[in-house]
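To start, the structure itself, in C-alpha cells.
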Amino acid sequence: MRGLKRWWLWCVAVLLVCLFVWLRFYNINKSFFFQNDAGRDMLVLWDWEKLGKIPILGPQTSVFPINQSSWYFYLLYPGFLLLNAQPISANYTLAGFYIASFVAGLYWFRREKRMQILLLLSFFLISVHPQFITQNRTVLNPSFVGMFLVISITSFVMWLQESKLRFLIVYAFAMSLAVSFNYSAAPVLLATIIYLVFTKRKHLLNAVGINIISLSLVNLTTIAFEIKHNFLISRSLFERGIRIQSTENISLNSRFSNIVNYGFSLGSNELNLLAFLLISIVVVLVLYSKKASLLSKQLGILWLLAMVLSIILPTQIFPHYIFGTMTLVFLFVSSLPPKISLPLIGTMALIYLNPTQISSYFMPSPRTVGQMESCFEKVCRDYKEPMYMTVQANFHPYHYGPEHRFIMKKKGCDVRNIEDPGQNASIMAVVMDGSEFEAGKTSYSELITFGKAFEIKRYNCQKNFGVTILKR
C-alpha cells in the first residue's frame, strides 16, 4: 500500500499522461495524414471483419523479405472494431497501450520507488521525443516497440537482482513482442544475452530458453505458415537476402549518422553528435565509478552493446529503427542521480518542446480522412459495378493506394485487385492525390495492364484531390 500512497507520484503520472495525449492528439483530425502502410493495415483489418480472413502473418519488413508477427494485427483489431473501422483507430490503440503499460508499470513496481521514478522519467522522455511523437501521430508503422522494451528491460534488471521467475517471463515475452514487431529491436535482445555471457553466465541458459519459447509463441502462426508452405519465407530470405540498398545508405558512417541524428533529434547534426558523446562519456564514468548504482551500470552496458550491434549490422537505418537504442538511453539517463539526470532531461525537454517543433506536429495534412471519405462517397454512390483502383500521387512513386482502397470499400465501392488475374472489372478509378492525370498520356504498370481506355467522368473533389473514372 505504501507505493499507492505516494500521491505526488500519481499526480505527476496524470500530468505526464495529459502531456502525452496532447502531443499526440491535438488537432489530429486535421493533421492526420492517412497513407500507404496505415492503409495497408486497415485493409487487412477490414478483410478480417468483413470476410473473416484472420491474418496469420504480420506486415513484411522494409529490409528483409520476412514478416513481422501477426500479433501486430491482433493488437490493432479491437480498437478497429470499437471505433467502427476509423483509420485513426491505430493511433488510439497505440496511445492506449503506452498509457496502460505506464500505469500498470507504476503499480507493478509499487514497492520499488527507484523503479517508479525510472518509469516516470522514461515515460516523460518518450512523451516529448520527436520521433516517438511523429510515429504516434502518423502511424505508418504503429511502434509498440518502445514501451515493450521499457517493460522488458526493467523486468530484466529486476530479474538479475532478485532472480524471480515472473521477472524473467515478463522480460522474455515483452522482448519477443518488441523484436517480432520490429526487427531493429534485435540488437537489444542480443545485448541482454551478451551481458549475461560476461556477467551472469549461470542465468544464460534460463534466459535463452525462455526467449526461444517466447519468440516461438509470439510467432506461432508464422511458424505454422512456414511448415504449411514448405518454408516459403525462409527460402525467400536465403534466395533474395537483404533488399538492394545503396552502398551509401548502408555504409558504417551512414548507419552511425542516422542512429545518432534520428535518435537524439536535437535539431542539428552537431548537437546530436554532442549528445551522443556526452551520453557515452557519462556511461564510461558510471562504469568506473564506485558510487554509481548497479542499475545505471547495467543499463549503460546494455546501451553500449545495443549501439555497437545496431551500427555494425549492414542495413539502412530508418527513423523508426532507433526506438531500441533510444529507449535504453532514456532508461539509463533516468537511472542516474537526480543532480545528473534532471539537468540532462531538462535540456532535452527544452529542445524537444520548443514552439517551432511543437507546431510542426499540428500542421494540416495535404488532405484529411474526412475529405477522402466525402470524395469517395460520391464515387461509390454513382458506381456500383466492380472497379479497379490505382493512384497517381506527388509524394510517393507507388500506385497501389491501400489507403484509398480501404476507404472506397468502406463507402460501398466494389473494389477489385487488378494485380489478381482472377478479379475482373471494366472500369478503373484513378485517384489523383496531389497530382495530375491525363488519360492516354500518363502511363504505369496498372494502366498498361488495364489496357486502352477513355475517361468517362472526373471528380474534382478539391484542389489537390480527385478521381478520374476510366472505361475500356
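Bear in mind the structure is a predicted one, so any value in this text is a computation, not a measurement. Quick note: residue numbers are just sequence positions, from 1.
At a threshold of 4.5 Å between non-hydrogen side-chain atoms, the residues Phe148 and Phe97 count as touching. Side-chain contact between Arg114 and Ile117: absent, with no pair of heavy atoms (C-beta onward) separated by less than 4.5 Å. Under the 4.5 Å side-chain criterion, counting only non-hydrogen atoms from C-beta, Asn29 is not in contact with Thr368. No side-chain heavy atom of Phe332 sits under 4.5 Å from any side-chain heavy atom of Leu328. Side-chain contact between Val103 and Trp10 is present, with heavy atoms from C-beta onward closer than 4.5 Å. Between Ser89 and Met42, some side-chain heavy-atom pair lies under the 4.5 Å cut-off. Counting heavy atoms from C-beta on, the side chains of Tyr98 and Arg24 never come closer than 4.5 Å. Counting heavy atoms from C-beta outward, Ile66 and Tyr183 have side chains that approach closer than 4.5 Å.
Taking the six-membered ring for Trp and the full ring otherwise, the centers of Phe465 and His404 sit less than 6.0 Å from each other.
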Go through the steps for Phe330 and Phe124 under the test ring pair (Phe, Tyr, Trp, His ring centres under 6.0 Å), then give the verdict. CA-CA 9 Å; Phe330 296 162; Phe124 172 68; 9.8 Å; no
From CA spacing to verdict: side-chain contact (heavy atoms from CB on, under 4.5 Å), Tyr400, Leu43: CA-CA 12 Å; Tyr400 183 73; Leu43 267 179; 4.3 Å; yes
Stepwise ring pair (Phe, Tyr, Trp, His ring centres under 6.0 Å) test for Phe20 and Phe132: CA-CA 10 Å; Phe20 179 93; Phe132 277 87; 9.3 Å; no
Ring pair (Phe, Tyr, Trp, His ring centres under 6.0 Å), that's the test. Do Trp48 and Phe73 meet it? Break it down for me. CA-CA 10 Å; Trp48 184 357; Phe73 290 123; 8.2 Å; no
Check against side-chain contact (heavy atoms from CB on, under 4.5 Å), Ser216 and Ile212: CA-CA 6 Å; Ser216 299; Ile212 290 174; 4.2 Å; yes
Under the side-chain contact (heavy atoms from CB on, under 4.5 Å) rule, what do Tyr262 and Asn272 come out as? Steps first, then yes or no, please. CA-CA 9 Å; Tyr262 290 146; Asn272 293 330; over 6 Å; no
List the steps and the verdict of side-chain contact (heavy atoms from CB on, under 4.5 Å) for Lys50 and Lys409. CA-CA 10 Å; Lys50 301 300 180 182; Lys409 285 185 175 183; over 6 Å; no
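Using modelled atom types, one side-chain atom of Arg255 and one backbone atom of Leu313 make a donor-acceptor pair closer than 3.5 Å. A donor-acceptor pair under 3.5 Å is absent between the side-chain atoms of Ser296 and the main chain of Ala292, judged by distance alone. A donor-acceptor pair is defined here as one N or O able to donate and one able to accept, closer than 3.5 Å; no such pair exists between the side chain of Asn258 and the backbone of Phe318. With Asn394 contributing its side chain and Gly434 its backbone, the two residues share a donor-acceptor pair below 3.5 Å. Without hydrogens or angle criteria, Asn27 side chain to Lys30 main chain gives no donor-acceptor distance under 3.5 Å. Distance alone, capped at 3.5 Å, places no donor-acceptor pair between the Ser122 side chain and the Leu119 backbone. Of the possible donor and acceptor atoms, none in the side chain of Arg405 sits under 3.5 Å from a partner among the backbone N and O of Arg40. Although no hydrogens or angles enter the test, the distance criterion places no donor-acceptor pair under 3.5 Å between the side chain of Ser265 and the main chain of Pro130. For the pair Asp433 (side chain) and Val391 (backbone), a donor-acceptor distance under 3.5 Å is absent.
Heavy-atom minimum distance, Glu226 versus Ile233: OE1-N, 2.7 Å. Among all heavy-atom pairs drawn from Pro59 and Asp41, the shortest one is CG-OD1, 4.2 Å. Residues Pro78 and Leu75 share a closest heavy-atom pair of CD-O, 3.6 Å. Taking every heavy atom of both residues into account, Gly324 and Leu149 meet most closely at CA-CD1, 3.4 Å. Residues Ala90 and Leu76 approach most closely at CB-CD2, 4.0 Å, considering heavy atoms. In terms of heavy-atom proximity, Ile407 sits nearest to Val369 at CD1-CG1, 4.4 Å.
Considering OG1 of Thr192 and CD1 of Ile301, their distance stands at 13.0 Å, rounded to 0.5 Å. With rounding to the nearest 0.5 angstrom, the CG atom of Leu204 is 11.0 Å from the CD1 atom of Ile194. For the atom pair Ile259 CD1 and Ile317 CD1, the distance stands at 4.0 Å (nearest 0.5 Å). Considering CZ of Arg367 and CZ of Phe34, their distance stands at 8.5 Å, rounded to 0.5 Å. How far CZ of Arg110 is from CD of Gln116: 9.5 Å, rounded to the nearest 0.5 Å. Between Leu309 atom CG and Met307 atom CE the span is 11.0 Å, to the nearest 0.5 Å.
At most 12 non-hydrogen atoms from other residues, nucleotides or ligands lie less than 6.0 angstrom from CH2 of Trp71. Residue Tyr195 qualifies as enclosed at atom OH: its count of foreign heavy atoms under 6.0 Å is above 12. Counting heavy atoms of neighbouring residues, nucleotides and ligands inside a 6.0 Å radius, atom OH of Tyr74 exceeds 12 of them.
Between the side chains of Thr325 and Ser310, no donor-acceptor pair is found at a separation under 3.5 Å. Using a 3.5 Å distance cut-off with no hydrogens or angles, the side chains of Tyr171 and Asn211 do pair a donor with an acceptor.
For residues 186-205, no residue pair satisfies the salt bridge (Lys or Arg N to Asp or Glu O under 4.0 Å) rule, not counting sequence neighbours. The list of ring-ring contact (aromatic ring centres under 6.0 Å, His included) pairs with a residue in residues 341-366, not counting sequence neighbours, reads Trp22-Phe362, Tyr26-Phe362, His129-Tyr352. Residue pairs that meet the ring-ring contact (aromatic ring centres under 6.0 Å, His included) test with at least one member in residues 296-317, sequence neighbours left out, are Phe276-Trp303.
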